[in-house]
Amino acid sequence: MADVVLKLENFSVSYKTQKGSLEAVRNVSFELKEGETLAIVGESGCGKSSLARGILRLFPRNLEKTSGKIYLDGEDILSLKEDNFRKNILWSKISMVFQGAMNSLNPVLKVVYQVAEPLIVHMGMDKDSAFKRAKEMLSLVGISESFAERYPFELSGGMKQRVVIAMALVTHPKVVILDEPTSALDVITQANILNLLKVLKKELNLTYIFITHDIATTSELADKVAVMYAGEIVELSPAENFYNSPAHGYTMMLLNSVPTLKTTKKLKSIPGSPPSLISPPKGCRFHPRCQYVMDICREKEPPMFKKGEEHFAKCYIGESHE
Amino acid sequence: MNNNEILLKVENLKVWFEIRKTIISQPLYVKAVDGVNFELKKGETISLVGESGSGKTTLGRTILRLYEPTDGKILFEDKDITNLPFKELNWYRKETGFVQQDPFGALAPHFSVYRILEEPLIINKIGTPESRKEMIIKALEEVKLTPVSDFINKYPHMLSGGQMQRVVIARALIMKPKLIVADEPVSMLDASVRIEILDLLRDIQMNHNMSLIYITHDLATVRAFSDWIFIMYAGNLVERAKTDELLSNPLHPYTKALLSAIPDPDPSNRFKLREVPPGEPPNLINPPEGCRFHPRCSFAMEICKKEEPKEINIAKDHWVKCWLYKEG
């Protein structure tokens with residue numbers, strides 16, 4: 001049995017806005033074992049990026065408060081002092097591939113320098129050994145020595161994405177958060193990058209948190225899937241259950257809206273749009289859009305029900321609630 | 001309704017963009033579209049699929065005559081519009097509509113929805129202010145932005161991405177065009193909204209018996225959506241066929257690679273690696289000789305490196321541009 005690497009307990013993040021407090025992440029709990037991949041899926045605005053950035057403490061300026069616990073290797077990292085967290089945790093233990101990062105590479109620096117930068121800045125390495133390690137990491141992600149000395153504009157989109165992945169891995173972190181790592185890429189390049197992520201995961205025994213709104217790509221990496229809606233995890237299940245026996249109304253409707261090549265089933269979109277997080281609906285937050293809605297959903301917020309082995313959902317469907 | 005009438009015919013169309021011309025050097029060209037042939041019948045939908053940089057957007061925009069063709073012919077209802085000067089294209093602008101990829105950039109931020117939709121009517125001197133209002137309300141109802149009074153006076157920043165894209169579609173629709181080109185209309189939108197917008201486009205296209213060219217890089221969305229699929233690679237159409245035929249019997253190695261790269265929602269995928277062709281799409285300034293796919297193709301033969309394959313009609317409604325196949 002592998003060890004638990006990352007554990008979240010009732011993690012919440014709220015922001016200050018002009019209209020009041022906005023709870024972007026609400027009571028999120030999960031645990032991840034070493035070498036496992038958790039996919040977080042949801043619509044834009046559901047809080048998945050806030051959750052990822054919250055784990056890394058990369059908050060926007062209008063942060064109101066955070067609460068709950070985050071354990072990394074058993075150590076509560078949310079209560080660590082800021083400089084201690086930056087020195088010992090950020091990048092060295094947990095790192096992140098940001099959404100659209102391939103377009104944020106510094107255009108006037110050679111890519112090898114950009115990959116070496118976290119080593120110099122965060123690990124205090126000297127330049128020569130940092131460059132050596134950066135080159136090793138680049139060749140591991142499939143970028144040859146000759147390309148390491150080039151500038152970002154000389155690389156294609158897929159290669160830039162490889163560079164960004166190398167940047168996140170060069171400090172040998174245990175946990176890597178991938179925020180939509182393939183959303184801007186063509187299908188063939190996407191398949192290439194997903195292949196690379198699979199290989200790296202095996203070779204380096206990495207633990208991934210993989211954030212996406214594209215359900216089809218989750219199947220390429222995920223061992224576990226967490227579905228987020230309006231700031232909450234509404235269903236957490238092993239990947240097999242997620243596709244074959246979804247338990248939450250939102251997950252079921254989400255799966256019906258995914259176009260696939262093999263099936264000819266009629267696709268159905270989810271009506272309406274996600275609720276405002278400043279004044280979310282009463283009861284289950286999904287009830288105004290849910291096709292399976294019952295009276296109780298409008299009144300009482302559902303607790304997390306156990307629906308099977310390691311399978312949890314915040315939904316009254318299939319529960320006796322008298 | 002005559003559905004066998006040909007609306008658009010494209011013959012050997014080439015669009016080359018000139019780059020770097022100095023006194024001493026020969027001009028260089030980016031051959032974005034290089035020898036494309038097809039026909040589009042009234043009321044039919046084509047999905048034009050390819051990677052970024054394959055020339056699919058250029059082809060779409062050239063058909064709308066937003067770009068100048070370099071060579072070849074575009075016939076719209078048997079009228080040759082290839083080289084018509086811009087001044088004489090006004091009638092053609094009314095017959096065609098364009099749905100841009102990025103709704104956030106396609107709408108003027110200082111115009112209300114009403115003004116955005118009135119603009120094309122004013123420019124083309126259609127109707128009176130009262131009849132224009134009626135047309136605008138009807139168009140908004142058609143794209144399901146209802147109740148109309150909630151939306152008609154809003155500005156783009158007050159709308160969600162999906163709502164903005166509906167306004168863009170309403171604008172393309174308001175002149176009642178015969179042909180709409182939709183360039184990646186859903187790629188900037190959330191997954192849950194995509195199907196809605198595509199369904200909407202499909203409904204409108206069928207109700208008005210319009211023809212539609214849907215440009216996308218996402219093969220997974222085309223099945224429910226189109227009559228034809230055209231696969232584009234490096235400025236060429238490498239394969240074109242009816243949707244079911246192409247998906248069940250793909251012939252060109254590039255088409256096969258594209259199809260196998262699409263993730264299907266199956267949790268066992270995570271244990272296996274996908275087969276992907278090596279390398280990157282070629283540079284269009286100096287594309288490879290012979291078949292443009294040969295450096296990445298696992299079936300490449302000697303002839304593929306030397307001679308460009310011709311497009312052959314391999315079965316009913318199925319054309320392929322590959323040396324692996326022979327006519328008949």
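Just so you know, these numbers come straight off a predicted model, no measurement behind them.
One N or O on the side chain of A/Thr207 and one on the backbone of A/Gly35 form a donor-acceptor pair closer than 3.5 Å.
No hydrogens or angles considered: nothing links the side chains of A/Thr212 and A/Asp214 as a donor-acceptor pair under 3.5 Å. For the residue pair A/His213/A/Glu43, the side-chain donor-acceptor check at 3.5 Å is not satisfied. Between the side chains of A/Glu220 and B/Asn269, at least one donor N or O lies within less than 3.5 Å of an accepting N or O.
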Go through the steps to decide whether B/Lys242 and B/Asp227 satisfy the test salt bridge (charged side-chain N to carboxylate O under 4.0 Å, His left out), and finish with yes or no. CA-CA 6 Å; B/Lys242 286 264 180 178; B/Asp227 304 307; over 6 Å; no

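The greatest number of non-hydrogen atom pairs below 4.5 Å with chain B, out of A/Leu185, A/Thr37, A/Asn192, is found for A/Asn192. Contact count against chain A (heavy-atom pairs under 4.5 Å) is highest for B/Pro263 among B/Ser160, B/Gly50, B/Pro263, B/Ala261. With respect to chain B, the highest number of heavy-atom pairs below 4.5 Å among A/Leu194, A/Asp223, A/Val225 belongs to A/Asp223.
We find that B/Arg270 and A/Glu36 are not joined by a salt bridge, their nearest charged nitrogen and carboxylate oxygen being 4.0 Å or further apart. The pair B/Lys56-B/Asp183 does not count as a salt bridge, with every side-chain nitrogen at least 4.0 angstrom from each carboxylate oxygen. Between B/Asp199 and B/Lys144 no salt bridge is recorded (no basic side-chain N to carboxylate O distance below 4.0 Å). Between A/Lys268 and B/Glu196 there is no salt bridge, since no side-chain N of the basic residue sits under 4.0 Å from a carboxylate O of the acidic one.
Contacts between residues 232-247 of chain A and chain B, counted as heavy-atom pairs separated by less than 4.5 Å, involve A/Ala239, A/Glu240, A/Tyr243. Contact residues of residues 251-259 of chain B toward chain A are B/Tyr254, B/Ala257, B/Leu258, B/Leu259 (heavy-atom distance under 4.5 Å).
Judged by the 6.0 Å and 45° rule, A/Arg289 forms no cation-pi pair with A/Phe286.
For B/Leu247, the part lying near chain A is the side chain, with the backbone staying farther off; criterion is any non-hydrogen pair under 4.5 Å. Contacts between B/Glu51 and chain A at a heavy-atom distance below 4.5 Å involve backbone atoms as well as side-chain atoms. For A/Leu221, the part lying near chain B is the backbone, with the side chain staying farther off; criterion is any non-hydrogen pair under 4.5 Å.
Two rings, from B/Phe17 and B/Tyr29, have their centers 6.0 Å or more apart.
Ring orientation note: the planes of B/Phe230 and B/Trp228 are nearly perpendicular, at an angle over 60° on the 30°/60° scale.
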